[in-house]
There are 2 protein chains.
Amino acid sequence: MDTTTFSALSEPNRLRIVELLIHGPLTVGDIADNLELRQPQASKHLRVLLKAELVEVEAVANRRNYKLRLEPLQAMDHWLEAYRNIWNDRFNNLDIYLQKLQSENKENNDN
Amino acid sequence: MDTTTFSALSEPNRLRIVELLIHGPLTVGDIADNLELRQPQASKHLRVLLKAELVEVEAVANRRNYKLRLEPLQAMDHWLEAYRNIWNDRFNNLDIYLQKLQSENKENNDN
DNA sequence: AGGGAATATTCCTGTCAAGGAATATTCAAG
DNA sequence: CTTGAATATTCCTTGACAGGAATATTCCCT
């Protein structure tokens, strides 16, 4: 897992940008307006997201359409899998434990 | 989604600590040895992970056993869900497209 | 060609984080 | 109660990063 993804998302405004772009590509100005950022800061944050490959640009005339890239998020998802296994196991163990309790309880009632 | 989790994991050594603790609780010294960190740096990184609630401590005598906490990772997993939906949709669309191509091809062969 | 809109870049400044080195704290054992 | 092991904390220095303000760039339109 590459820390650049985490690094890019550790800045609140950049996280908000990523969350905003989930609905579709947006222009720098639109992003700045939506998040109440000044245009230069929006540009700067987008440049970081670009280097982290969390975003891609399409230039159309004067404007730049920034679009979300899913690959780094998929990598995160894949990285999480090892941990997901842990909490799933724990859930399963709890489940088995409860079933065991229940069957023991049934036996007691049968006596 | 809280940026403190991303922030904590954006430091390579801290990420390595989290990846190391997946196998079970470890002592500060063990962590430092495993990752070839100096003890004070290990302590400092653990303090950050502690504040981010990615880790918890159990003091036993002289030592401190640091143990992974899954909640922030579960939160990340939950946050990713919105994006997972996107790439699943895309996969489904591609799948449907391929099925459509296949059935059209069959029709052509039938003619 | 010139003006204005959209965006990027630069410069400056303040803040924060990380590593190194040294020191403080806490605990068990003799 | 002293020593040594394990850990935390402090101080210092350095580098990265974010925001503000100003400016540069690129493009369309007339």
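Naming convention: chains lettered A, B, ... in sequence-line order (proteins, then strands); numbering from 1 in each chain. Only heavy atoms go into these numbers, but all of them, side chains included; no hydrogens, no water, no symmetry mates.
- The shortest side-chain heavy-atom distance between A/V48 and A/E11 does not fall under the 4.5 Å cut-off.
- Within the 4.5 Å cutoff, no side-chain heavy atoms of A/T27 are placed close to those of A/I31.
- For the contact set between residues 19-33 of chain B and DNA chain C, defined by any heavy atom under 4.0 Å, there are no members.
- The shortest side-chain heavy-atom distance between A/V57 and A/N65 does not fall under the 4.5 Å cut-off.
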With the sugar-phosphate defined as primed atoms, P, OP1 and OP2, and the base as all remaining atoms, what B/S/- string results for nucleotides 13-19 of chain D, 5' to 3', for protein heavy atoms under 4.0 Å?
-----SB

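- Within a heavy-atom distance below 4.0 Å of DNA chain D, no residue of residues 49-60 of chain A is found.
- By the criterion of side-chain heavy atoms lying less than 4.5 angstrom apart, applied directly or through intervening Ile, Leu, Val, Met, Phe, Trp or Tyr residues, A/L37 is grouped together with A/L49 in one hydrophobic cluster.
- Among residues two or more places apart in sequence or in another chain, the side-chain hydrogen bond (donor to acceptor under 3.5 Å, both in side chains) test is passed with A/Q39 by A/S43.
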What side-chain donor-acceptor pairs closer than 3.5 Å can you find for residues 1-10 of chain B, not counting sequence neighbours?
residue: B/D2; atom: OD1; partner: B/T4; partner atom: N; Å: 3.4
residue: B/D2; atom: OD2; partner: B/T4; partner atom: OG1; Å: 2.8
residue: B/S10; atom: OG; partner: B/S7; partner atom: O; Å: 2.7

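- In this view, B/E71 and B/R69 satisfy the salt bridge (Lys or Arg N to Asp or Glu O under 4.0 Å) rule, not counting sequence neighbours.
- Within the 4.5 Å cutoff, the side chain of A/L73 has heavy atoms near those of the A/L54 side chain.
- Remark: B/R16 engages B/N13 in a side-chain hydrogen bond (donor to acceptor under 3.5 Å, both in side chains) (not counting sequence neighbours).
- Residues passing the side-chain hydrogen bond (donor to acceptor under 3.5 Å, both in side chains) test with B/D77, sequence neighbours excluded: A/R84, B/R84.
- The closest side-chain heavy-atom distance from B/H45 to B/I17 is below 4.5 Å.
- A donor-acceptor pair is defined here as one N or O able to donate and one able to accept, closer than 3.5 Å; no such pair exists between the side chain of A/D30 and the backbone of A/L26.
- Where DNA chain C meets chain A (any atom under 4.0 Å from a heavy atom), the bounding nucleotides read 5' to 3' are C/dA5 to C/dT10.
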Quick one: which protein N/O atoms are closer than 3.5 Å to N/O atoms of nucleotides 27-30 of chain D? Pair and distance per line, please.
none

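- Residues passing the side-chain hydrogen bond (donor to acceptor under 3.5 Å, both in side chains) test with B/E19, sequence neighbours excluded: A/W79.
- With a 4.5 Å cut-off on side-chain heavy atoms, A/Y83 and A/E81 do not count as touching.
- Applying the side-chain contact (heavy atoms from CB on, under 4.5 Å) test to A/K67 and every residue at least two apart in sequence or in another chain returns A/P25, A/E56.
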